[in-house]
Amino acid sequence: MTIQTIDVKYTAVATAENGRDGKVASDDGKLKVVVNPPKEMGGSGVGTNPEQLFAAGFSACFQGALGVVARKEKADISGSTVTAEVGIGSTEAGGFGLEVKLSARIPNVDAATAKDLLEKAHQVCPYSNATRGNIKVELSVV
């Protein structure tokens, strides 16, 4: 598989301290969060966790990609939302893996158009491109 090269326009920088049971902060100070494992994984669940942060980033990025596609297709996606559900669990190889379900609500288009827009956004979104072929990503219209 060929690694794609890109013309980098922006680089986000964040540093973690104490891994999944510590804190994470961006270099510009705009993001500072306490991270703890969720109760379902034996943690305190007090802070956020990497899966919630990934879900937030993926849903925001995918919503942006949906906007790019909608403008090209001249589709009205006003009032739309994208929800990302990120699951974590053990893999057969003994490590951990992720899976994602992206659900979009696009009230101003019919179901077939919404599904087409989602498929096209999935080709545009950087998170989709980064995860394609690596983890299960399910798309659904709600």
Side-chain angles (χ1 to χ4, degrees), residues 1-41 43 45-142:
M1 173 184 263
T2 304
I3 305 265
Q4 103 182 6
T5 58
I6 62 171
D7 178 19
V8 175
K9 305 290 187 213
Y10 167 76
T11 300
V13 178
T15 301
E17 186 178 315
N18 291 332
R20 295 182 69 84
D21 206 2
K23 56 187 173 181
V24 177
S26 60
D27 66 332
D28 63 5
K30 292 179 181 179
L31 176 70
K32 283 185 174 180
V33 294
V34 171
V35 290
N36 301 114
K39 288 183 179 183
E40 296 84 350
M41 294 182 68
V46 172
T48 188
N49 58 67
E51 292 70 40
Q52 288 175 326
L53 296 170
F54 188 73
F58 206 153
S59 62
C61 189
F62 198 89
Q63 178 77 34
L66 187 61
V68 168
V69 169
R71 283 188 292 281
K72 286 182 182 175
E73 300 287 322
K74 306 220 183 312
D76 179 6
I77 65 160
S78 59
S80 66
T81 60
V82 174
T83 300
E85 298 175 51
V86 175
I88 183 172
S90 300
T91 66
E92 292 175 1
F96 290 91
L98 300 173
E99 66 178 33
V100 176
K101 179 179 179 184
L102 295 169
S103 303
R105 185 180 68 78
I106 311 173
N108 298 324
V109 300
D110 60 66
T113 301
K115 183 166 178 36
D116 183 59
L117 291 171
L118 285 187
E119 292 293 338
K120 289 177 178 172
H122 194 43
Q123 299 306 308
V124 173
C125 176
Y127 277 67
S128 294
N129 289 330
T131 59
R132 185 172 293 105
N134 298 311
I135 65 171
K136 177 183 170 186
V137 177
E138 179 184 332
L139 304 176
S140 69
V141 176
V142 293

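In what follows, every heavy atom counts, from backbone to side chain, and hydrogens, waters and symmetry copies are set aside.
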>> Quick one: does any side-chain atom of T131 pair with a main-chain N or O of I135 as donor and acceptor, under 3.5 Å?
In response: no
>> With rounding to the nearest 0.5 angstrom, report the CD to CZ distance, E51 to F96.
In response: 10.0 Å
> Taking C-beta and beyond as the side chain, do V100 and F62 meet within less than 4.5 Å on heavy atoms?
Replying inline: no
> Which pair of heavy atoms, one from P107 and one from R105, lies closest together, and at what distance?
Replying inline: CG-NH1, 3.5 Å
> Are the side chain of N49 and the backbone of G45 linked by a donor-acceptor contact shorter than 3.5 Å?
Replying inline: no
> Do the non-hydrogen side-chain atoms of V69 and V124 ever get within less than 4.5 Å of each other?
Replying inline: yes
> How many angstroms lie between atom CD of Q63 and atom OG1 of T83, to the nearest 0.5 angstrom?
Replying inline: 9.5 Å
>> Between L102 and V137, is the side-chain contact (heavy atoms from CB on, under 4.5 Å) condition met? List the steps.
In response: CA-CA 7 Å; L102 295 169; V137 177; 4.1 Å; yes
> Rounded to the nearest 0.5 Å, what separation is found between the CD1 atom of I88 and the CD atom of E99?
Replying inline: 11.0 Å
> Considering all heavy atoms of both residues, which atom of V24 and which atom of A16 are nearest to each other, and what is their separation?
Replying inline: CG2-CB, 4.0 Å
>> Can a donor-acceptor pair be found, under 3.5 Å and without considering hydrogens, that links the side chain of D21 to the backbone of G43?
In response: no
> Do the side chains of V34 and V46 get nearer than 4.5 Å, heavy atoms only?
Replying inline: no
>> Tell me which pairs pass ring-ring contact (aromatic ring centres under 6.0 Å, His included) where either residue lies in residues 119-142, with sequence neighbours left out.
In response: F54-Y127, F58-Y127
>> Distance check, rounded to the nearest 0.5 Å: I106 atom CD1 versus T113 atom OG1?
In response: 9.0 Å
>> Could you go through T48 and L53, starting from their C-alpha distance and side-chain angles, then the distance that decides it, and tell me whether this counts as side-chain contact (heavy atoms from CB on, under 4.5 Å)?
In response: CA-CA 7 Å; T48 188; L53 296 170; 4.2 Å; yes
>> L117 vs K120, test: side-chain contact (heavy atoms from CB on, under 4.5 Å). Steps then yes/no.
In response: CA-CA 5 Å; L117 291 171; K120 289 177 178 172; 5.6 Å; no
>> side-chain contact (heavy atoms from CB on, under 4.5 Å) for L66 and I77? Distances and angles first, verdict last.
In response: CA-CA 8 Å; L66 187 61; I77 65 160; 4.1 Å; yes
>> On a heavy-atom basis, which atom in G97 and which in T91 lie closest, and how many Å separate them?
In response: N-CG2, 3.5 Å
> By salt bridge (charged side-chain N to carboxylate O under 4.0 Å, His left out), which residues pair with E119, not counting sequence neighbours?
Replying inline: K115
> Once you round to the nearest 0.5 Å, how far does OG of S140 lie from NZ of K101?
Replying inline: 4.5 Å
>> As an exercise, state the distance from CG of D76 to CD of E73, rounded to the nearest 0.5 Å.
In response: 13.5 Å
